[in-house]
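Structure first, then comments.
Since this is a predicted model, take the numbers as computed values, not measurements.
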Amino acid sequence: MDRERGVEPLLADLTEPQRAAVLHVEGPLLILAAAGSGKTRVITRRIVRLLGVGVRPWQVLALTFTNKAAGEMRERVERLLEEHEVGGGVGGGWGGERVARALTITTFHSLCARLLRRHAERARIPGLKPDYSIYDSADQQSLVKKVITGLNLSTSNWPARTVLSVISNAKNDLLDASGFAARASDFRGRQISAIYTAYEGALHRANAVDFDDLLLLTARILKERGEIRAECQNRWRYLLIDEYQDTNRAQFQIAAMLAGGGAWNAAPERGVSNPNICVVGDPDQSIYGWRGADLSNIMDFEQAFPGAAVIKLGENFRSTAPILAVADGLIKRNKQRRDKPLFTARAGGDKVRVVLCRDEHHEASLIVEHFRSRHEGAEGEGGARLCSEEHSRGTEQPGRGTPWRSMAVFYRTNALSRVLEDAFRGAGVPYTIARGTAFFDREEIKNALAYLKVVANPADDVSLERIVNTPTRGLGNTSLAAIQVWASDQGEPLLEGLRSAGGIPGLTRAAQGAAGKFVEMLDGWTGAGSFLGSTVPSGLAELVQRVVEDSGLEGHYTRQAAKSQSEQDAERLDNLGELISSAAEFEREFAPERDPGSDVPVEVGEVAEGESSAPSVQSQSLPDTSPGRGGGDEDDAFGEFAPSPMPPLLQLLRAYLESVALVADADAVDPAQGAVTLMTLHAAKGLEFDTVAIVGLEEGLLPHSRAAESEADLEEERRLCFVGITRAMRSLTMCSARYRTNRGIAERTISSRFLEEFDPAQVSTTNLADDSDISGDRDWDEEDGEAADVSRAGRRAAETAVKSQFPPGCLVRHPQFGIGEVVSVESGAAPRATVRFKQAGTKTLILEYARLTRVG
DNA sequence: TACGATCCTTTTTTT
DNA sequence: AAGGATCGTA
C-alpha cells in the first residue's frame with residue numbers, strides 16, 4: 001500500500017466515524033455532522049485523501065453556500081497538502097497551492113453563473129446571452145414594479161416584495177412562468193402568474209437573470225442538454241456538498257445531475273450506478289426554509305441515492321458541557337426531528353448566562369463590559385484549551401484574555417446592530433459588522449456599478465434607467481418617457497432609443513443633445529462596443545476610474561460635499577475611490593483558469609481507478625495554461641470549446657460584476673482583524689467563537705413575529721437559536737430586554753419562550769431589569785408585572801382572546817383618548833389595534849397595555 | 001426640470 | 001427611525 005503511505009497524518013486525532021468518512025472514496029455518502037463535530041476537518045481531509053489515491057484535482061467539485069466557506073475550504077486543503085505532502089507524487093512537484101487551485105471549490109450560485117456564461121449560447125435559452133447581467137434584489141424590485149404598473153395593476157395591491165417572494169419560491173421549486181401559470185387557479189395566483197410571465201419577458205429583453213434563475217436555468221440546461229450534462233459529469237467525478245440541509249429543489253436537481261445518478265430522472269440515460277456524491281449537513285441547522293431549502297433532500301438522501309453510506313458525527317469538540325446541554329435541551333423541543341443527542345467527552349465550563357436587562361442600551365453596555373472583562377483576562381481563564389483547528393492555529397495570544405476576534409454578538413434582525421455598534425464604538429472596543437453587501441448597497445456605488453453594467457450589457461434597461469439622468473444631465477422623466485415609448489414600440493432596448501433620440505418626435509432640442517452626449521460618453525468607454533481604439537481604457541481599474549470621472553458622479557458628489565459640509569457626502573467620494581481600488585485588486589488577482597466553467601484539462605475520459613497515476617500527472621497541464629484549448633473533445637458537435645472570443649476587458653468586467661453580485665454577508669467575516677464581530681444569526685452559521693452573546697431573546701424577535709403562524713416556522717426559529725448557541729466554545733450570554741424601541745416606539749416586551757426551554761441547571765439567570773427604575777407613563781404599562789408573569793400558554797390564549805374582543809367596527813373607550821372606533825386589529829406577539837378616536841384622531845395601540853374597554 | 005418639504009408606510013433572515 | 005412617494009415651488 002505504497003500510495004497510502006501519506007494517509008496516516010490525515011487520520012491522526014480522528015474518531016472512528018471521522019476516519020470512516022475521510023476514507024470513503026466511491027459511491028454516495030451522507031455525513032450527518034452535528035454542530036461542532038469537526039465537519040470541516042473531515043471533509044478537507046477527505047479531499048486530500050482522494051488526491052492521495054490518484055484523483056486529479058480538477059475532478060473534484062466542492063459546493064458551498066458562501067464564498068467565504070469556499071475560500072476557507074480551499075485554504076485548509078492547501079495547508080494540509082503542504083503540511084503532509086500527502087500521497088507523495090501527487091502533491092510533490094506541484095505545490096499545495098497549485099493543486100488546491102485546480103480543485104473546483106465554489107458556491108452553487110457562482111458555479112451556475114459560470115456554467116450559464118459558458119453554455120448560454122449553446123443551450124439557446126431565449127433571452128440569455130453570455131453577457132447577461134445578474135439582477136440583485138433592488139434591480140428585481142424596480143423591474144417587477146415597472147412590470148406591475150405596466151399591467152395596470154397597483155403596487156399597493158401587489159407589493160413588489162410579496163410578488164417577488166412568490167416568484168422566488170416558484171423558481172426554487174423549478175417552476176418557470178408557464179409551469180406556474182398551469183398551477184395558478186385562484187385570482188391571486190393568476191394575477192401573480194401574469195406578473196411572473198411579464199417579469200420573465202422583461203428579464204429576457206434586458207438579457208438579465210435574477211439569483212434564482214442562476215439555479216433554475218442551470219438545472220434546465222443540465223436536464224435538457226445531455227451533451228452538456230455529460231461534459232460536466234466527465235469533468236467532475238467527485239462531488240461534495242456542504243450545508244446540504246440548506247439545498248432547495250433546484251440545487252438538488254443540479255447536484256443529482258452533476259453526480260450522474262440519483263432520482264432526478266426516471267431513466268437517466270447517462271446515469272452512473274454508483275455516483276460519487278458526498279453530502280454533509282445537519283437537519284438541526286436548517287435555517288433557510290423560507291428561501292426554499294427542502295429538508296427532505298437530506299432526510300431522503302438514501303432513497304435518492306440507493307446504497308448510500310451514512311456516517312454520523314455526533315461528538316462535539318467545540319463547546320463546553322453547559323453550552324452543549326443548553327443547546328441540546330432547546331433543540332429537543334422540536335417535534336420534526338430525529339433525536340440525536342449531542343455529547344462531549346469534556347467536563348467543566350461556566351454556566352450559560354441569561355441576563356434580563358432594561359432595554360437595548362442597557363443590553364449593549366452589559367455585553368461590552370462583559371467582553372471587555374474577558375478581553376482583559378479577568379474571567380474565564382484556566383479552562384482547557386479546546387481542540388479546534390481554526391483556533392489552534394497559533395495566533396492565539398498566549399496566557400490570558402480572549403482576543404477581540406474570538407468574540408461575537410448575534411442578533412435576529414439587522415436593525416438590532418445599530419445600538420450595539422454605538423455601544424462598542426463609544427467604549428472604544430474594536431468591532432466589525434458582517435455585512436458583505438453593505439458597501440455595494442450604497443447609493444454612490446450602485447450608481448457607478450450601474451454604469452459598468454450598461455457597459456457590460458447594453459440591453460440592461462434597469463441599470464440604464466438608474467443612471468441615465470444620474471447625475472442630472474437634462475434627461476428628465478418627460479423626455480425619458482418619450483424615448484421609452486419609442487424603444488418599446490421598436491422592440492429595442494432603451495439605449496437604442498437614446499442613440500436614435502434625434503429622430504424621436506416630441507423631444508426637446510436640449511434632451512436630444514443630452515442623449516447624444518450620453519451615448520457618446522458610453523461609446524468612448526467601449527469603443528462603440530468593439531472595446532478597441534484609443535479611447536478605450538486598457539484595464540478594469542482604469543475603466544472604473546473613467547466611469548467615475550466622466551459620468552459626472554465624482555463632480556456631483558464633490559459639489560454635494562462642498563455644499564453640505566456633511567461627513568456623509570465626503571464619505572461617498574472615499575467610497576468611489578475604494579471602488580476603484582477594489583477593481584484594481586480584482587484585476588490583479590483575476591485568474592480566468594479558476595473559472596469553473598473553463599476548460600476541462602486533457603484526458604477527460606479516464607479516472608484513476610485506484611491506480612496511482614502520479615508520474616503522468618506531472619506532465620499534464622493544469623487548466624490554467626490556455627483558456628481556449630479544445631482538450632480531447634475534438635468531436636464535440638459544438639466545435640469551439642471556449643465561448644466566442646471576447647475582448648479581455650469585457651471578460652474582466654463581467655467577472656468583476658459577477659463577483660460583486662454574488663457576495664454574501666458572511667463573506668465579510670474576517671477573523672484576522674482584531675475586532676469583535678457583530679452579525680445576524682443566519683450569518684453565524686458555520687463559524688465558531690470563544691465568547692458569544694446573543695441579544696433580543698424576546699417574543700416577536702426570536703422567535704420572530706413573522707414565524708408565529710406555523711409550527712414549522714417556529715421550529716426553524718428554534719433551530720436558528722440553536723445555531724447561535726452552538727457557535728460558542730466557552731462563554732455564552734443571552735440577553736432579553738424588558739423594553740425595546742422598535743420603529744421609534746419603546747415597547748414592553750415578553751421574554752422569549754426559548755429561555756424557558758433551556759436546562760435550568762446549566763443556566764445562571766441575572767435579572768437586571770428593575771422595573772422601579774423605569775419611569776414612564778404608568779397609565780400605559782401598569783399591568784406589566786402581571787402580564788410578564790402569565791404563563792406561556794395563558795399568554796397565548798390571552799392574545800387570541802384580546803383580539804376577538806375587539807372586532808373591527810366596534811366602539812371602545814380609552815382612559816385618555818375617550819371614545820373611538822376600531823379600524824383594524826393586528827395579530828402577532830404584540831396584538832395591536834388601530835382606533836379612530838373622536839377627539840384624539842387615529843392611533844395605533846398595543847392591546848395588551850392600552851386598557852381599552854368595549855362600549856358597543 | 002430639479003429639488004425640497006411633507007406625508008406615509010414599514011415590521012426578517014439572504015444567494 | 002427611516003426610506004419612499006408625492007406634491008409644490010423655484
Side-chain angles (χ1 to χ4, degrees), chain A residues 63-70 106-113 134-138 140-142 145 155-156 159-161 164-165 168 171-172 209-215 243 246-248 250-251 286-293 410-416 418-419 434-437 441 443 469-480 508 510-511 514 560 563 658-667 679-685 696 700-708 713 716-717 719-721 723-724 740-747 826 828-830 832 834 842 844:
Chain A
L63 293 174
T64 61
F65 277 83
T66 65
N67 296 304
K68 179 170 180 278
T106 186
T107 66
F108 264 106
H109 285 85
S110 298
L111 176 78
C112 291
I134 300 173
Y135 276 1
D136 66 18
S137 50
Q140 288 181 49
Q141 218 156 92
S142 65
K145 262 183 207 158
T155 45
S156 47
R161 274 181 70 100
L164 274 172
S165 100
S168 171
K171 287 186 175 180
N172 287 329
V209 302
D210 62 26
F211 284 126
D212 304 310
D213 283 335
L214 292 172
L215 303 176
E243 307 285 11
D246 289 330
T247 50
N248 58 34
Q251 285 161 327
S286 157
I287 54 175
Y288 285 103
W290 51 272
R291 71 173 199 209
F410 306 149
Y411 35 82
R412 176 67 234 261
T413 66
N414 282 301
L416 298 191
R418 216 195 177 96
V419 175
R435 282 222 89 186
T437 51
D441 278 344
E443 173 198 308
N469 201 31
T470 312
T472 51
R473 51 172 66 88
L475 276 169
N477 293 334
T478 333
S479 318
L480 207 56
T508 63
Q560 288 247 311
K563 205 168 99 188
E658 188 178 294
S659 76
V660 165
L662 300 178
V663 285
D665 283 355
D667 295 342
M679 65 181 130
T680 62
L681 284 162
H682 282 89
K685 194 177 57 155
L701 212 44
L702 185 64
H704 196 272
S705 51
R706 291 281 288 239
D713 288 345
E716 183 157 309
E717 295 291 305
R719 290 195 292 269
L720 192 53
C721 189
V723 165
R740 192 174 292 276
T741 303
N742 222 334
R743 41 178 192 262
I745 309 166
E747 276 175 5
E826 260 178 74
R832 62 196 68 194
T834 306
T842 305
T844 297

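- When the C1' atom of dT14(B) is taken as reference, atom NE2 of His109(A) falls 9 Å away, rounded to whole Å.
- Separation of the P atoms belonging to dT13(B) and dG4(C) is 15 Å when rounded to the nearest angstrom.
- Asp713(A) places its CG atom 13 Å from the P atom of dT12(B), with the value rounded to the nearest Å.
- Comparing Leu480(A) and Arg412(A) along DNA chain B, the residue whose closest nucleotide (by nearest heavy atom) sits nearer the 5' end is Leu480(A).
- With rounding to the nearest 0.5 angstrom, the OG atom of Ser168(A) is 9.0 Å from the CH2 atom of Trp290(A).
- Phe211(A) comes within 4.0 angstrom of a base, heavy atoms only.
- Checking dC3(B), dT11(B), dT14(B) against every side-chain atom of Arg291(A), the shortest atom distance belongs to dT14(B).
- The phosphate of dT1(B) has neither OP1 nor OP2 within less than 4.0 Å of any side-chain N or O from Arg473(A).
- When atom types are taken as modelled, the side chain of Glu716(A) and the backbone of Gly289(A) share a donor-acceptor pair closer than 3.5 angstrom.
- Residue Lys145(A) is in sugar-phosphate contact alone, with no base atom involved, counting any heavy-atom pair closer than 4.0 Å across all strands shown.
- The side chain to side chain contact (heavy atoms under 4.5 Å, CB included) with Phe108(A) is formed by just one residue from the set Asn248(A), Thr247(A), Thr64(A); it is Thr247(A).
- Of the two residues near DNA chain B, Thr478(A) and Leu720(A), the one whose nearest nucleotide lies more 5' is Thr478(A).
- Checked against dT12(B), dT15(B), dT14(B), the side chain of Thr680(A) finds its nearest nucleotide in dT14(B).
- Judged by ring centres under 5.5 Å apart and planes tilted less than 30 degrees, His682(A) fails to stack against the six-membered base ring of dT13(B).
- Considering only the side chain of Asn414(A), dT13(B) comes nearest among dT15(B), dT13(B), dC3(B).
- In this structure, Ser110(A) does not reach the dT15(B) phosphate: none of its side-chain N or O atoms is under 4.0 Å from OP1 or OP2.
- Residue Asp136(A) is out of contact with every strand shown, counting any heavy-atom pair closer than 4.0 Å.
- The separation between Gln141(A) atom CD and dT14(B) atom C1' is 14 Å, rounded to whole Å.
- Residue Arg161(A) has a polar side-chain atom (N or O) positioned under 4.0 Å from OP1 or OP2 of dT11(B).
- Rounded to an integer number of Å, the gap from Leu214(A) CG to dT14(B) P is 19 Å.
- Residues Ile287(A) and Leu681(A) fail the side-chain proximity criterion, which asks for heavy atoms closer than 4.5 Å.
- Taking side-chain N and O atoms only, Asn67(A) has no distance below 4.0 Å to OP1 or OP2 of dT15(B).
- Among the protein residues, Thr741(A) comes within range of no part of the nucleic acid, since none of its heavy atoms lies under 4.0 Å from any strand.
- Arg706(A) places its CZ atom 11 Å from the P atom of dT10(B), with the value rounded to the nearest Å.
- The one candidate from Val419(A), Ile745(A), Leu416(A) that meets the side chain to side chain contact (heavy atoms under 4.5 Å, CB included) condition with Arg740(A) is Leu416(A).
- Side-chain proximity of Trp290(A) to dT1(B), dT14(B), dA2(C): nearest is dT14(B).
- Between Lys685(A) atom NZ and dT14(B) atom C1' the separation is 11 Å, expressed in whole Å.
- Listed pair Thr66(A) / dT15(B) fails the phosphate criterion, with no side-chain N or O lying under 4.0 Å from OP1 or OP2.
- For the atom pair His109(A) NE2 and Leu63(A) CG, the distance stands at 11.5 Å (nearest 0.5 Å).
- The interatomic distance linking Asn477(A) (CG) with dT1(B) (C1') rounds to 9 Å, in whole Å.
- The NE2 atom of His704(A) sits 7 Å away from the C1' atom of dT11(B) (whole-angstrom rounding).
- Comparing atom distances between the Thr413(A) side chain and each of dT1(B), dT12(B), dA2(C) picks out dT12(B) as nearest.
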